[in-house]
Structure formats: structure tokens, C-alpha cells
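Have a look at the structure below, then the notes.
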Amino acid sequence: MSIYRENIMDNYKEPRNFGKLDSYNIEYSDQNPLCGDKVHIYLKVEGGKLKDIRYESEGCAISIATASILSEAIKGKNIEDIKNLERNDILDMIGIKLTPMRVKCAMLSLVAIKKGLNKNEA
Amino acid sequence: MNVKKDFPIFENNEGLIYLDSSATSQSPKQVINAIADFYNKYKSNIHRGVYDLSEMSTELYEKSKEKCASFLNCNPQEIIYTKNATEALNLAAYSLTSDLKEGDEVLVTEMEHHSNFVPWQQLCKSRNLKFSVIKVNEDFTLENIENKITEKTKILALTHVSNATGSVNDIKEICKLANENNIITVIDGCQSAPHKKIDLKDLNCDFFAFSVHKMLGPMGLGILFGKEKLLEKLSPFLYGGDMIRDVRIDDTDFNDIPWKFEAGTPNVAAAVGFSAAIDYLNKIGMENIEKYENELKEYALEKLSEVEGIKIYKPKSQAGIISFNLYNNDKLIHPHDVSAVLNDKKIAIRSGHHCAQVLMDKLKVPATCRISFYIYNTKEDIDKVAEALKEARKVFN
């Protein structure tokens with residue numbers, strides 16, 4: 001079955017939380033060297049919670065749709081919980097089966113968010 | 001051409017349309033059987049034992065080189081077997097630059113695969129050499145090379161056919177110019193040797209590299225041709241067994257060419273498979289292969305141009321490679337998405353930067369879709385691709 005299901009296409013065409021935050025305390029940009037997908041994330045973290053998130057991204061439908069779905073899922077959540085998110089959580093959120101190559105596209109935004117959070121602590 | 005039946009991959013993957021032969025080609029059963037035969041009957045190390053099996057294995061290996069030499073019109077001692085074309089180009093780059101002086105210059109082009117770009121770039125950095133790049137014009141041809149040549153230019157490394165766009169460089173003319181200026185030429189033949197007749201005496205290049213897996217053969221074998229007089233002078237790249245003549249505590253004498261460049265146990269099974277691939281290609285005839293692929297390309301260009309929103313990066317060239325992107329209202333449909341839709345229809349095409357990021361920057365795209373042909377492709381394959389592309393556009397409408 002096609003991976004381009006309605007929820008994916010909807011989030012690709014109209015990505016939620018897209019753009020730049022006016023006020024943020026963490027930003028991080030990352031890319032997937034295999035396909036050139038790029039993401040730049042902006043996070044506003046307060047009292048151990050993710051108050052707000054926005055991102056700018058460029059790439060395939062999977063990477064953009066996942067960033068959109070993920071941003072909605074983690075907004076307002078505890079930072080520690082976000083840090084514990086893994087591959088399977090992302091795949092559950094988007095609800096499609098991906099080949100290992102495409103999993104990298106789907107993981108790009110979570111990887112960038114985690115790196116951003118870790119960098120902030122360091 | 002009706003050869004699909006010789007390729008077991010199509011039997012084992014019903015409905016597969018394989019259009020990524022620039023990345024790697026499929027192998028006919030003649031090649032696969034030859035490899036199995038080697039492992040079943042002859043496996044033993046070469047140039048070592050005096051027992052029958054080792055003699056036989058050595059003979060098969062050396063026969064492969066003779067066959068390769070006659071395929072390319074050169075001498076067997078001018079053929080070095082490596083693990084792949086990347087290693088072949090690294091060998092040329094390491095050994096050739098080690099003989100240069102600080103300030104000497106290496107010329108490459110913007111259309112190189114990373115394997116004929118990054119080694120030179122990095123070696124120039126560490127050895128204090130000048131690294132210069134010939135630009136690519138709007139029409140995918142190279143800018144005037146003569147203008148880039150200086151008194152310091154010692155090496156010119158460039159591709160015969162671009163893997164990303166299918167542009168063809170006039171290697172014979174370029175080598176003539178280089179020879180007149182005492183510049184050593186290193187040609188990446190990965191996309192030409194599998195598809196057209198290569199006559200190295202006629203091209204008159206100094207080095208020529210390609211990979212066997214792109215020409216119906218097995219993975220794990222790259223070829224580097226070097227002119228005899230240059231190889232004699234060149235320092236070895238890898239050290240170890242088989243490349244030596246005499247080893248003492250304080251120093252080592254090296255073996256004759258080509259063995260001084262082949263340290264360690266080579267991939268004998270791949271060499272045997274390569275022999276079978278050359279036999280197979282010769283039976284069809286390289287001229288016929290080139291003609292057939294050009295026909296397919298003409299047909300594909302016609303069919304693809306009927307797809308709405310397609311942008312074909314089309315050099316005026318004769319090589320079975322077509323690079324393109326699909327747009328919807330000026331918005332790029334990412335090549336990975338296009339190829340994923342095609343994959344649902346068992347159509348295998350390449351999407352990505354084709355290890356040519358410098359060229360992608362030039363085209364101002366992150367990546368492209370690429371289809372590339374070989375003898376097992378048919379016009380029906382192309383019809384199916386054109387239909388699938390129209391559907392891909394609907395998915396992303």
C-alpha cells in the first residue's frame with residue numbers, strides 16, 4: 001500500500017507549526033546527507049516543558065509530514081518524555097510502514113529536536 | 001534485443017522494471033554460473049601454491065586480465081584489479097600526487113562523481129597542491145579547458161560520461177590537449193565502459209578507471225588502466241603480500257607491474273565473473289549495445305516530455321541516462337517521493353544527488369530523479385515509467 005496516505009499528504013501540504021518562533025531558547029538545524037532533507041527547529045522550553053515549537057524544513061513529503069505530526073504531538077509535553085521518544089514512537093505517530101532508507105527521512109526532525117535539547121544542557 | 005530471459009533477477013522479482021543500471025547493473029546467469037563454478041571447482045589462492053588448483057586459479061585470474069586488455073585495446077600488464085572504481089581512482093590520486101611538488105596543480109571538473117573529486121581535493125589539501133575546478137556550462141558541457149591550464153597543471157581528472165546527467169566529454173580531444181601540455185589524464189569511465197566500445201589506444205588517456213558491477217559483472221572488482229611507462233615509475237598505493245619481490249629488515253623491493261599495485265588476495269571469483277561478462281557483452285557487440293540504448297533514450301525523451309510538469313536536464317549527448325524532476329505548480333515534488341510512488345509499481349529508479357553534490361548545487365536542486373538503461377530494458381519499461389510519473393503527479397496534486 002502507498003505510504004502517501006491522507007494524513008501524510010494533509011500534513012505535507014499544510015504542515016502545522018511551520019515557520020520560526022518569535023521567542024525561543026533552543027534552535028538546531030540538521031540534515032540528512034543521503035537525500036538532502038533539511039530541518040531547522042526552534043524550541044521554547046520553560047519549567048521542564050516544551051512550551052512551543054516551530055520548524056522550517058525542506059525535503060520529501062515524509063520528512064515534512066513527520067515534522068508536522070511530531071510538533072503537534074510534543075507541544076506542551078515534558079522534556080524528559082520527549083527525550084525518551086524513539087523510532088517506534090515516530091512510526092506509530094505517522095502510522096505508515098517505511099523502508100529503512102525512508103525511516104531516516106521520518107526520524108530527521110526528532111533527531112534534530114533531541115540534539116537541540118542535549119546541546120542546551122551541555 | 002531480447003535478453004531479459006538471461007537475467008534471473010527478473011524471474012525472481014516478477015514485474016520488476018529496473019532502471020538504475022548507472023548505480024549497478026544486473027548480471028546474466030552466464031556470469032553468476034561462472035562465479036559459482038569457480039567456488040565449486042577451482043577456489044584456491046593465486047600466485048602461491050604449486051599444486052594444480054592454485055595453478056588453475058592463477059590461470060583464470062590472468063586470463064581475465066588478458067580478456068579485459070583485449071576488450072579495451074591495451075596490454076594486460078597495464079590492467080590493475082582493485083576492489084571498485086573508487087579504489088582505482090584513489091590509487092591513481094594517491095600515487096600520482098605523491099610525485100608532485102608543492103604548488104603543482106590538479107584540475108578536475110564540476111561534473112565529477114565524488115569518487116573522482118574528493119580524493120583529489122583532499123590530497124591537494126594535505127600535500128599543498130593547487131586544486132582547480134573546471135565549471136559546467138548551462139548546457140551541461142564543460143567550460144573551455146584550455147583556459148584553465150597553467151604551467152603548473154600536472155594532472156587532469158575528469159569523467160567520460162556524467163553519472164548525474166549523461167553529459168559526454170570528448171575524451172580523445174581533451175587527452176590530445178592534455179598530452180600537448182604534458183598533463184597526465186585520469187579518466188573516470190564508469191558510465192562509458194559498460195555502454196560503448198572503449199579503445200584506449202585511440203583515446204590515448206594515461207589512466208582509465210571503471211567498475212565491473214556496472215557492466216553485468218559481480219560486485220567487488222574495479223579496474224584501473226595505466227600506461228605501462230607511467231605505471232613503471234609510479235609508487236605503490238597499498239603494501240602487503242604479492243606486491244613484493246624481496247623484503248628485508250631495512251627495505252623492500254616491489255614486484256613488477258601490475259602486481260606491485262595489487263597487495264593481498266584479489267577477488268579471483270569476481271575476475272572470473274568479469275571474464276564471463278566480457279564474453280556476454282562481446283557476443284552482443286558493444287556497438288549494438290550503444291545503438292540500442294540510444295534508441296531507448298530517444299524513445300524515453302519523447303515519452304517523458306509528454307508528462308506534465310517534468311523538467312528534463314537534457315544534455316545533447318548520447319548516453320543512456322536521463323535526469324529529471326517533477327513539479328506541481330512550480331513546487332518540486334521531492335525525487336524521493338517520486339521514486340517511492342514508482343516503487344509501488346515495482347519500478348526501480350534512482351533519486352538523490354548521485355554522489356555529485358557540486359553539480360546538484362549548480363542545477364539549484366537538492367536532488368534529481370534518474371533513469372538509466374541497459375540491454376535488458378525495453379520500450380514497454382519506458383511506457384510504464386511515463387504512466388507512473390503521471391500518477392505520481394496526481395498523488396501530489
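These numbers come from the heavy atoms of this one structure, side chains and all, not from hydrogens, waters or symmetry mates. Letters go in sequence order (proteins before strands), and every chain restarts at 1. Since we're looking at a predicted model, the values are computed, not measured.
Considering only residues two or more places apart in sequence or on other chains, Thr159(B) meets the side chain to side chain donor-acceptor pair (under 3.5 Å) condition with none of them.
The environment of Lys125(B) atom NZ is sparse: at most 12 non-hydrogen atoms of other residues, nucleotides or ligands sit within 6.0 angstrom.
Looking at Glu80(A) and Lys83(A), a side-chain N of the basic residue comes within less than 4.0 Å of a carboxylate O on the acidic one, giving a salt bridge. Salt-bridge formation is not detected for the pair Lys384(B)/Glu387(B): no Lys NZ or Arg NE/NH1/NH2 atom is positioned less than 4.0 Å from an Asp or Glu carboxylate oxygen.
Shown are Ile53(A), Leu50(A), Asn11(A); of these, the side-chain contact (heavy atoms from CB on, under 4.5 Å) with Ser71(A) is made only by Ile53(A). Across Asn328(B), Val341(B), Val338(B), a single residue satisfies side-chain contact (heavy atoms from CB on, under 4.5 Å) together with Arg393(B), and that is Asn328(B).
Along residues 12-24 of chain A, the residues that come nearer than 4.5 angstrom to chain B, judged on non-hydrogen atoms, are Tyr12(A), Lys13(A) in order of number. Of all residues spanning residues 134-141 of chain B, none has a heavy atom less than 4.5 Å away from chain A's heavy atoms.
Applying the side-chain hydrogen bond (donor to acceptor under 3.5 Å, both in side chains) test to every pair with at least one member in residues 94-108 of chain A, sequence neighbours left out, gives these pairs: Tyr4(A)-Arg102(A), Arg102(A)-Asp337(B).
Relative to the ring axis of Phe10(B), Lys4(B) places its NZ or CZ within 45° and under 6.0 Å from the centre.
Of the possible polar contacts, none joining the Tyr313(B) side chain to the Leu363(B) backbone as a donor-acceptor pair under 3.5 Å is found.
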